**Student:** 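Here it is, the structure, as structure tokens.
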2 protein chains.
Amino acid sequence: MTDTPRISRQFSQRSVMEAIVQGGPISRASIAKLTGLSKQTISEIVRDLEEDGWVRETGRTSGHIGRTAVTYELVVDAAYIIAVDLGGTKVRVAVTDLAGQIVGEDAAPTDARGGMHLVTQISDMALAAATHAKVSRERLRLAVVGVPGAPDNRTGRILLAPNIRDFDKMDVLDAFRQAFGFDVLLENDVNLAALGESWQGQGQGIDNLAYVALGTGIGSGLILGGTLVRGAANAAGEMGFLPIGADPFEQESLRVGAYERAVATYGIIARYEAATGEKVDVPAVFERAAAGDKAADAVLDDTARQVACGIAAICAIANPQLVILGGSIGLRPEILERARRFLPLCFPYPVEIASGELGSRAALVGATAVGLTQLHNTLFGVATPNAGLSLPPTGTEPPQEAVE
Amino acid sequence: MTDTPRISRQFSQRSVMEAIVQGGPISRASIAKLTGLSKQTISEIVRDLEEDGWVRETGRTSGHIGRTAVTYELVVDAAYIIAVDLGGTKVRVAVTDLAGQIVGEDAAPTDARGGMHLVTQISDMALAAATHAKVSRERLRLAVVGVPGAPDNRTGRILLAPNIRDFDKMDVLDAFRQAFGFDVLLENDVNLAALGESWQGQGQGIDNLAYVALGTGIGSGLILGGTLVRGAANAAGEMGFLPIGADPFEQESLRVGAYERAVATYGIIARYEAATGEKVDVPAVFERAAAGDKAADAVLDDTARQVACGIAAICAIANPQLVILGGSIGLRPEILERARRFLPLCFPYPVEIASGELGSRAALVGATAVGLTQLHNTLFGVATPNAGLSLPPTGTEPPQEAVE
DNA sequence: TATAAGTTCGGTGACAGAACGAACTAAGTA
DNA sequence: TACTTAGTTCGTTCTGTCACCGAACTTATA
């Protein structure tokens, strides 16, 4: 378990690791078939990987024709990742191994004092969970923290995060790095949820999907062409400001967001109050609707109609194959069922809608996915030499090297 | 100019080509610096490329201390590309060399009979333009055809293309391939325009942008994270069905699209007619507004307000840094100016809006960009072994190779 | 004379391919 | 039942090829 392996081999090494990770216990001969490399190259690489502690013998095959094969598998405890879902009311942390299995977990109410208090709360929880799971500290390699808003991993700052006190004033990334003592990645929580559902939930094998988190506020994460879309300021999917539901030119819409006002918690409460004069919380509205309260039922209908409109907007712009609903409100079957009913009435092409399978743990799973990918990239090299296109220069710029 | 170069060298060969393409006339020593490869490797590769006819000596540097360097550049006439923009009323074709320079061009009204007639019209125009530009037929390698709707390059069919007769009933891709006699790519016209502006127009160097084409209909192309976003059915950006502007739950909205009805040609004409009782065409409305007609002015205001809402929707979902307006209506300064004024009133974060620099030729330029990229990929190998992430399997599936 | 461009020469490391031994199953044979 | 033998697959060894590097060297300048 020394340092990163030699440079030039990284390519093949990476594919071998991939084959082992994906293919469970697998023999070297099978790896050769999968990767297209020759048997003895695989033997060499596997030997290296075994020496470095990433891979180990598991056993042998038997019952086949021919010689038995030695099988290898990932050493899942070679390194661990901390996954964090930092919500406005609740903080969840998980310790996961290299197979993405959660080996330790904890949750607590978010420290309302925000700022450094919150950072400390989280790192304490995480390190305690690791200790409890008997994971030694030096095996922790990376933490992925899901936060509301638009974090920027270069500056360490988080934009559009009004929920968390003082986070707009500090270098959050650096604070976490200090507290943890290892590398940290920040990512938007809804984006993580989208990745989570795409990896282990409803979205498996689907290259174009949207995850819509509906709760106190509304946000979405888009995976298009197999990649998470972030946008220019990491604010892709912040659909609260969609000009739908309320008049977007009103003053209030600029502050809270026209769509967010119409569809999230606040909208539901306000609608029910307008209809009945009674001010009750969201779960109560659902209960009453279930009990036969016509007004509550109408409120849910209205809300779902707005949800359908939001989904229509996403589909018109991003054309996902599947839309996954999440968040405390979005996960309710009453909303899913109604949205499925209303969407065909306002959008002409069929779109699948489903509930998030992972529920409130989607972001945690997504954080693990990001962490694992990142770890693989740093340990076994990124295999993306030149993803962008290479086109001739435009000619509006002066020619580059006329005379050197 | 034999076949594709040897496999194993493709990697470095590609980066050398890239350096030469980007770096204008460039010496081998400079290529070595740019690519990080050693001098003699570059010499070898450049020799190969020269033998194959892709690259040639241009001259020498002078005026420096040290030995003069021989400079090399792309052989721009080693291969040519046909770029086609197939619009509802007009067809444009261009013949471009490997530097993306247009060497021949032609345009004509679209053959209203559609189907094979149209395919023949286009291939005839293109091949005639090539002949006229003295480009021999065997040097034509690839055609990129921009079409309205959502083409699928696997099935060859085009979805959502009501504008063109019979195109929904045939394998358009195959028809073009037959007619041209070489490979053909289909792409949505607005997507191409977006790529065009991103390459040579307003969007240079910007990784996240949206191109909104506003004319008879409305569509948009999204480039996010440097890549064109296509969506599940190649229908990303088909924003006509945004639930904005008109009631999306009306019958008519399901047919034409709520937003399209509100903002495109039809909407402008209808609005002016509603205000004045007079039915005039779109250019007339603009003229009258310029002449001081209050009603026409109000119509443009209303339209621009809707445009701003559409842009807000795109920004809320995709978060581009820049929105480029194109299309016969979108290109008018009256709309741009008004949209710039209205957007901050319905969307809280600043977004640049600009007119397309390439005007109606954006799609043609984009087609060239796609063609060049594709040619580079086929000729010098795609260097994307495994772009996707490699995460452990989910566990919902049975373990793969427990016993082989 | 300093400096840079380009070539020649002698590596080195990552593979492939063929050949081969090892280990195993499944048959037939004594 | 025990002993072959054929067929199959696993994994290693050996040899070769190819891409590429580094250093030394030549050539051509300001």
Side-chain angles (χ1 to χ4, degrees), chain A residues 4-17 19-20 23 25-51 55 57-73 380-381 383 385 401-404, chain B residues 4-17 19-20 23 25-52 55 57-73 380-381 383 385 401 403-404:
Chain A
T4 44
R6 258 158 297 146
I7 282 284
S8 13
R9 202 163 220 177
Q10 284 199 357
F11 248 18
S12 318
Q13 197 145 21
R14 192 195 166 90
S15 14
V16 171
M17 270 308 273
I20 296 176
I26 187 173
S27 71
R28 279 170 288 180
S30 309
I31 300 176
K33 268 174 226 152
L34 272 179
T35 58
L37 298 168
S38 67
K39 283 191 287 179
Q40 80 293 358
T41 303
I42 300 299
S43 283
E44 269 179 56
I45 293 177
V46 168
R47 179 162 37 247
D48 285 5
L49 288 173
E50 199 176 2
E51 266 169 33
V55 142
E57 261 189 66
T58 353
R60 315 183 69 90
T61 57
S62 65
H64 289 266
I65 299 187
R67 182 175 168 179
T68 53
V70 181
T71 55
Y72 290 83
E73 68 172 11
F380 304 107
E401 204 198 0
V403 168
E404 288 177 83
Chain B
T4 43
R6 255 161 298 146
I7 283 284
S8 12
R9 202 162 220 176
Q10 286 199 356
F11 248 147
S12 319
Q13 197 145 20
R14 190 195 166 91
S15 17
V16 171
M17 269 309 272
I20 296 176
I26 187 173
S27 71
R28 278 169 289 179
S30 308
I31 301 175
K33 268 175 225 150
L34 272 179
T35 58
L37 299 167
S38 70
K39 284 194 286 175
Q40 78 290 12
T41 302
I42 301 299
S43 282
E44 268 180 57
I45 293 177
V46 168
R47 181 162 34 248
D48 285 4
L49 287 173
E50 201 176 2
E51 266 170 33
D52 289 354
V55 142
E57 261 189 66
T58 352
R60 315 182 69 89
T61 56
S62 66
H64 291 264
I65 11 180
R67 180 175 172 178
T68 55
V70 181
T71 55
Y72 290 83
E73 68 172 12
F380 303 106
E401 204 198 2
V403 167
E404 288 177 84

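None of the values given here were measured: they were computed from a predicted structure. Chain naming here is simple, since letters A, B, ... match the order of the sequence lines and numbering starts at 1 in each.
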**Student:** For dT7(C), take OP1 and OP2 only and decide whether either is under 4.0 Å from a side-chain N or O of Arg28(B).
**Tutor:**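 For dT7(C), OP1/OP2 do have a side-chain N/O of Arg28(B) under 4.0 Å.
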
**Student:** Drop me the distance from Ile45(B)'s CD1 to Gln40(B)'s CD, to the nearest 0.5 angstrom.
**Tutor:**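 The distance works out to 10.0 Å.
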
**Student:** Who are the side chain to side chain donor-acceptor pair (under 3.5 Å) partners of Glu50(B), not counting sequence neighbours?
**Tutor:**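 If we apply the side chain to side chain donor-acceptor pair (under 3.5 Å) test to Glu50(B), skipping adjacent residues, there are no hits.
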
**Student:** Does Thr35(B) reach the side chain of Thr41(B), with side-chain heavy atoms less than 4.5 Å apart?
**Tutor:**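 No, too far: nothing below the 4.5 Å cut-off.
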
**Student:** Output the single nucleotide from dC10(D), dT12(D), dG6(C) whose closest atom is nearest the side chain of Ser43(A).
**Tutor:**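 The answer is dT12(D).
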
**Student:** OG1/Thr71(A) to CD/Glu57(A) distance, rounded to the nearest 0.5 angstrom?
**Tutor:**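 Answer for the OG1-CD pair, Thr71(A) versus Glu57(A), is 7.5 Å.
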
**Student:** Can you tell me the distance, in whole Å, between the CD1 atom of Ile31(B) and the C1' atom of dG6(C)?
**Tutor:**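 That distance rounds to 12 Å.
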
**Student:** As an exercise, state the distance from CD1 of Ile42(A) to OG of Ser15(A), rounded to the nearest 0.5 Å.
**Tutor:**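 One finds 7.5 Å between CD1 of Ile42(A) and OG of Ser15(A).
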
**Student:** Rounded to whole Å, how long is the line connecting atom CG of Leu34(B) with atom P of dA5(C)?
**Tutor:**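 For the pair Leu34(B) CG and dA5(C) P, the rounded distance is 12 Å.
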
**Student:** Once rounded to the nearest 0.5 Å, what's the spacing between atom CD1 of Ile20(B) and atom CD of Glu73(B)?
**Tutor:**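 Nearest 0.5 Å value for the CD1-CD distance: 10.0 Å.
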
**Student:** Walk along nucleotides 21-30 of chain D from 5' to 3' and tag each nucleotide B, S or - by protein heavy-atom contact under 4.0 Å, base first, then sugar-phosphate.
**Tutor:** BB----BBBS

**Student:** Of the listed nucleotides (dC15(C), dA19(D), dA5(C)), which one gets closest to any side-chain atom of Ile45(A)?
**Tutor:**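 Taking heavy atoms from C-beta onward, the closest nucleotide is dC15(C).
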
**Student:** With a 4.0 Å limit, can you tell me whether Ser12(A) has a side-chain N or O closer than that to the phosphate oxygens OP1/OP2 of dC15(C)?
**Tutor:**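 For dC15(C), OP1/OP2 do have a side-chain N/O of Ser12(A) under 4.0 Å.
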
**Student:** Measure the distance from CD1 on Ile42(B) to C1' on dT8(C) and round it to the nearest whole Å.
**Tutor:**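 The distance from CD1 of Ile42(B) to C1' of dT8(C) comes to 17 Å, rounded to the nearest Å.
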
